[in-house]
Structure formats: structure tokens, C-alpha cells
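First the structure, in the form of C-alpha cells, and then the observations on it.
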Amino acid sequence: MPSLSKKGLSIEPSVTLAIDAKAKAMISSGENVISFSIGEPDFNTPKNIREAGIEAIEMGITKYTPASGTLELRKSICKKFKDDNNLDYSPSQIVVSNGGKHSIYNALMAILNPLDEVIFSIPYWVSYPELVSIAGGTPVMIKTKEENGFKFNSEDLDKVKSDRTKAIIINSPNNPTGSVYTKEELLDIANWAVKNDVFVISDELYEKLVYDGEEHISIASLNDEIKNLTIVINGMSKAYSMTGWRIGYAAANQDIATIMANLQSHTTSNPCSISQYASVEGLTGPQDSLIDMKMEFNNRRLKMTKLVNEIKGITCNIPKGAFYIMMNCSQYIGKEVAGVKINSSVDFSDMLLEKCKVAVVPGLAFGDDNYVRLSYATSMENIEEGIKRIKNLLGEK
């Protein structure tokens with residue numbers, strides 16, 4: 001057989017999806033597994049959006065659309081950017097794709113040349129390194145600290161900058177840490193990007209999920225100079241519980257948006273026509289379900305962090321956004337628990353799944369082996385029972 005693609009062979013599978021699949025397989029076999037592993041809301045897509053999808057099918061809106069998305073949806077996205085983020089874009093600057101991940105891929109493909117470097121923080125979303133590598137770039141990572149809210153600044157950027165630095169990825173609210181950058185922190189990074197003529201990919205998928213009076217601010221909204229350098233990534237998956245509908249979108253200067261649209265036209269053509277029609281309803285229709293979902297996530301956030309911090313040898317920050325916590329398990333690395341030697345976050349995660357039937361994601365998947373990630377996108381009952389199991393396994397404080 002001819003040799004296979006070296007690039008393809010170098011790509012690692014998604015650890016989060018792999019663990020969720022293992023947990024689901026155990027559940028299917030009758031085991032009582034509680035999963036804190038997957039990153040999607042456990043709420044159904046709001047009824048008005050579901051009904052819009054059905055209406056699209058009945059109306060025969062099942063054909064090709066423009067590669068970058070329907071004009072109606074792109075206009076709705078422009079209005080959303082203006083109303084929510086004080087950002088002015090024209091429909092031609094919007095590219096609708098098959099999920100936020102696809103939008104990030106398109107953005108990287110549009111700006112990177114071979115060996116260009118892209119800077120992002122550790123812990124990182126699992127797909128950033130792979131997406132950069134697929135696009136021919138080189139991932140460059142900044143190790144952040146829990147005591148600093150897992151955030152980086154211009155001084156950190158100076159330490160890793162090189163002649164090949166092409167872009168920064170900033171993710172706020174952040175997956176997996178839940179950190180949210182303030183306006184002052186974003187301005188510091190924006191000034192650095194403008195000074196060094198570096199693109200910014202701003203991943204804002206969790207924009208609607210911020211707590212404790214925090215405010216989501218898009219870095220592109222700070223001034224015209226940074227806006228021209230920024231590709232804003234957003235989508236319907238998290239805020240509207242539409243993960244399976246696969247609608248993400250990007251906003252960028254016209255040159256970048258044109259390249260992204262051209263690239264998409266030759267790879268995936270257009271996003272699903274039915275999902276696009278439903279997304280217009282999501283963006284322009286009632287927002288009550290979003291408010292209700294956020295309130296429930298906030299209650300779960302407070303409950304989970306309280307219970308986790310009561311576990312012997314375990315700590316976690318209270319996240320300001322998204323629906324994850326990073327649980328610091330470093331005190332157990334190198335020790336034996338329930339007859340299992342813990343040498344890594346992978347060992348710790350496997351031990352939890354095998355010994356108390358709780359699925360979490362090892363921090364190694366996010367670049368930091370001292371943590372595991374827990375999602376509170378599950379019921380309060382599951383949170384209480386799952387953390388109780390972990391606490392019983394590790395011992396009382």
C-alpha cells in the first residue's frame with residue numbers, strides 16, 4: 001500500500017470525545033457512569049429554533065446556499081455583533097461554517113504560511129495545536145498559572161515572540177479554565193498585537209455564559225486597528241444548545257473573509273441550509289431560554305466548585321465563564337489511590353472512571369498534567385452524586 005499522509009498520521013484524536021465515547025460505552029453496557037467529560041449543554045435546543053428547523057424542511061429550504069452562508073443569516077449575525085459587541089461588519093465580512101471549530105480552521109488556513117507561529121495559552125482547548133499544525137503552522141504555547149486566573153499578558157507574549165509569529169489565539173470565556181479577560185487585559189494584548197503586526201483569532205463561543213457580574217468584551221471592539229487584525233469566532237452551539245446543528249461563524253476584514261469563503265467553497269461548500277434557517281430564529285427570536293440556561297449553569301457552577309473544594313487534596317478556582325472547572329489533582333500525582341499508582345492526569349482520570357464510575361478529562365489533553373477538567377453541563381443530581389463518589393474514593397478532608 002502507498003504511504004499515508006505524514007500530516008494525517010501526526011494528528012491526535014480528540015481526548016474529550018474519546019473519553020465521552022468510553023463513558024457512553026460503559027453506560028450502554030449497564031454501568032452507572034456519571035460523565036463530567038463532554039463540552040455541550042445538556043438542555044434541548046429551544047423550541048422556537050426546533051420549530052424553525054422543521055419549517056425549513058417543510059418549505060423545501062434544503063438546497064445549496066452561498067458558500068459563506070445565506071444573506072439573511074449573515075445580516076442577522078451583523079446585527080448581533082452590533083447589538084452585543086458594538087462591532088460593525090457587512091454581510092460580506094461574515095463567513096458561516098460547519099461549527100466554530102470549522103471557522104477556526106478556515107481562519108488559520110487563510111492567514112498561515114508554512115512554519116508561521118501561532119501563540120496560545122496552556123491550558124488550551126484540545127483542538128488548537130492540531131488545527132494550527134494541519135494549517136501548516138507551528139503552535140507556540142504560554143504556560144499560565146492558576147493563581148493568575150490562567151491568563152497571559154503582553155509580557156508573556158514578548159517572551160515567546162519570534163520573527164515567525166503570525167497570530168495569537170485568545171479564548172474568552174475560556175475552555176477549559178472558565179477564565180474571562182477584562183477590558184484592561186484585552187487592551188494590553190491588543191496593543192501588543194497592533195505594535196507587532198500580529199493577527200488575533202478571538203474564540204468567543206462561550207460569550208453568553210459569564211457570571212459574577214463579569215462582562216464579555218470582544219477584543220475587536222476596542223479600536224479600529226485591532227479590529228482589522230482580529231478574526232472573531234462565534235457560533236450557535238453553546239449559547240443556544242445547538243451543538244449538533246453545526247453552525248459557527250467568523251467575522252474579519254474583507255480580505256481574510258474572502259479567502260475563508262473561497263476556501264470553504266472548495267472544501268465543504270455551504271453549511272446546512274436547515275440549520276442556517278433555524279439559526280436566524282435563534283439570533284432574532286426570544287432569548288428567554290438562554291437566560292434560563294445561564295441561571296441554571298450558574299447554580300451548578302457554585303455547587304460543583306463548593307463540593308470539589310471539600311475533597312481531600314483537591315482544589316479549584318471558581319470559573320467566571322463557560323461551564324467547566326479545572327480541578328487541581330497535583331497532590332495525588334506520584335501517589336497510590338485505591339491500589340492504583342497515579343503518575344499523570346490520565347492515570348487519575350482512568351482511576352476515577354474505573355473505581356467510582358465518574359468520567360473527567362485529563363489535563364494532559366489541555367497541556368497541563370496537574371489538572372482534570374469537569375463539565376457542569378449536567379444535572380444538579382449528577383453533580384452531587386458524582387462529586388460524592390470522588391470524595392468517598394479520595395477520603396474526607
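Here the structure is a predicted model, which means the values were calculated and not measured.
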Any side-chain donor near an acceptor of the partner, [X] and [Y], under 3.5 Å:
{"X": "Glu146", "Y": "Tyr371", "value": "yes"}
{"X": "Glu40", "Y": "Ser237", "value": "no"}
{"X": "Ser97", "Y": "Gln264", "value": "yes"}
{"X": "Ser279", "Y": "Trp245", "value": "no"}
{"X": "Thr378", "Y": "Asp42", "value": "no"}
{"X": "Glu204", "Y": "Asn234", "value": "no"}
{"X": "Ser379", "Y": "Glu381", "value": "no"}

Check whether any side-chain heavy atom of [X] lies under 4.5 Å from a side-chain heavy atom of [Y], and answer yes or no.
{"X": "Phe120", "Y": "Pro139", "result": "yes"}
{"X": "Thr138", "Y": "Val132", "result": "no"}
{"X": "Val95", "Y": "Ser103", "result": "no"}
{"X": "Met327", "Y": "Arg373", "result": "no"}
{"X": "Asn196", "Y": "Thr165", "result": "no"}
{"X": "Asn44", "Y": "Ser241", "result": "no"}
{"X": "Asp369", "Y": "Ile333", "result": "no"}

Quick one: does any side-chain atom of [X] pair with a main-chain N or O of [Y] as donor and acceptor, under 3.5 Å?
{"X": "Ser154", "Y": "Asp188", "result": "no"}
{"X": "Arg301", "Y": "Tyr376", "result": "no"}
{"X": "Gln287", "Y": "Gly282", "result": "yes"}
{"X": "Ser345", "Y": "Gly363", "result": "yes"}
{"X": "Ser375", "Y": "Ile38", "result": "yes"}
{"X": "Asn171", "Y": "Asp203", "result": "yes"}
{"X": "Asn148", "Y": "Phe150", "result": "no"}
{"X": "Asn270", "Y": "Tyr64", "result": "no"}
{"X": "Thr177", "Y": "Asn174", "result": "no"}
{"X": "Glu130", "Y": "Ser127", "result": "no"}

Evaluate the ring planes of [X] and [Y], with Trp represented by its six-membered ring, and classify them as parallel (under 30°), tilted (30 to 60°) or perpendicular (over 60°).
{"X": "Phe43", "Y": "Phe297", "answer": "perpendicular"}
{"X": "Tyr332", "Y": "Phe348", "answer": "tilted"}
{"X": "Tyr206", "Y": "Phe323", "answer": "perpendicular"}

Other residues, nucleotides, ligands: >12 heavy atoms within 6.0 Å of [X] [atom1]:
{"X": "Asp224", "atom1": "CG", "value": "no"}
{"X": "Glu155", "atom1": "CD", "value": "no"}
{"X": "Lys388", "atom1": "NZ", "value": "no"}
{"X": "Glu385", "atom1": "CD", "value": "yes"}
{"X": "Met380", "atom1": "CE", "value": "yes"}
{"X": "Lys75", "atom1": "NZ", "value": "no"}
{"X": "Lys79", "atom1": "NZ", "value": "no"}
{"X": "Ile318", "atom1": "CD1", "value": "no"}

message: Does Lys143 qualify as a cation-pi partner of Phe152, given the criterion of NZ or CZ under 6.0 Å from the six-membered ring centre and within 45 degrees of its axis?
response: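 Pair Lys143/Phe152 does not count as cation-pi.
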
task: Answer yes or no for Lys151 and Tyr181: cation-pi contact, defined as NZ/CZ to six-membered ring centre under 6.0 Å and angle to ring axis within 45°.
output: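 Relative to the ring axis of Tyr181, which defines the angle, Lys151 lies inside both limits.
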
field: Worked check of side chain to side chain donor-acceptor pair (under 3.5 Å) between Trp192 and Asn153
entry: CA-CA 9 Å; Trp192 187 93; Asn153 58 31; over 6 Å; no

message: Can you tell whether the side chains of Lys82 and Asp88 come within less than 4.0 Å, N to carboxylate O?
response: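 Counted as a salt bridge, because a side-chain N and a carboxylate O are separated by less than 4.0 Å.
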
- prompt: Can you list the steps and then say if Glu117 with Ser162 is a side chain to side chain donor-acceptor pair (under 3.5 Å)?
  reply: CA-CA 8 Å; Glu117 294 178 349; Ser162 77; 2.6 Å; yes

- prompt: Once you round to the nearest 0.5 Å, how far does CG of Asp212 lie from NZ of Lys320?
  reply: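 NZ of Lys320 is found 4.0 Å from CG of Asp212.
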
task: Supply the atom-to-atom distance Phe199 CZ to Ile111 CD1, rounded to the nearest 0.5 angstrom.
output: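 Going from CZ on Phe199 over to CD1 on Ile111, the span is 5.5 Å.
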
- request: Each residue besides Leu9 in its hydrophobic cluster should be listed here, by chain and number; the cluster joins Ile, Leu, Val, Met, Phe, Trp and Tyr at side-chain heavy-atom distances under 4.5 Å.
  value: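 Once heavy-atom contacts under 4.5 Å are chained together, Leu9 belongs with Met1, Leu4.
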
- prompt: Which residues pass the ring-ring contact (aromatic ring centres under 6.0 Å, His included) test with Tyr240, sequence neighbours left out?
  reply: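 Checked Tyr240 against ring-ring contact (aromatic ring centres under 6.0 Å, His included); zero matches.
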
- prompt: Are Ser92 and Gln254 close enough, and set up right, to give a side chain to side chain donor-acceptor pair (under 3.5 Å), and what steps lead you there?
  reply: CA-CA 7 Å; Ser92 65; Gln254 190 62 63; 2.6 Å; yes

query: Stepwise, does the side chain to side chain donor-acceptor pair (under 3.5 Å) test hold for Asn85 with Lys80?
result: CA-CA 8 Å; Asn85 311 109; Lys80 172 259 177 284; 2.8 Å; yes

So which heavy atom on [X] is nearest to which on [Y], and how close?
{"X": "Lys63", "Y": "Ser273", "answer": "O-CB, 3.5 Å"}
{"X": "Leu307", "Y": "Glu384", "answer": "CD1-CA, 4.1 Å"}
{"X": "Lys7", "Y": "Ser133", "answer": "CE-O, 4.1 Å"}

Audit row: Tyr124, Phe366, ring pair (Phe, Tyr, Trp, His ring centres under 6.0 Å) steps and yes/no: CA-CA 5 Å; Tyr124 48 73; Phe366 311 106; 7.5 Å; no

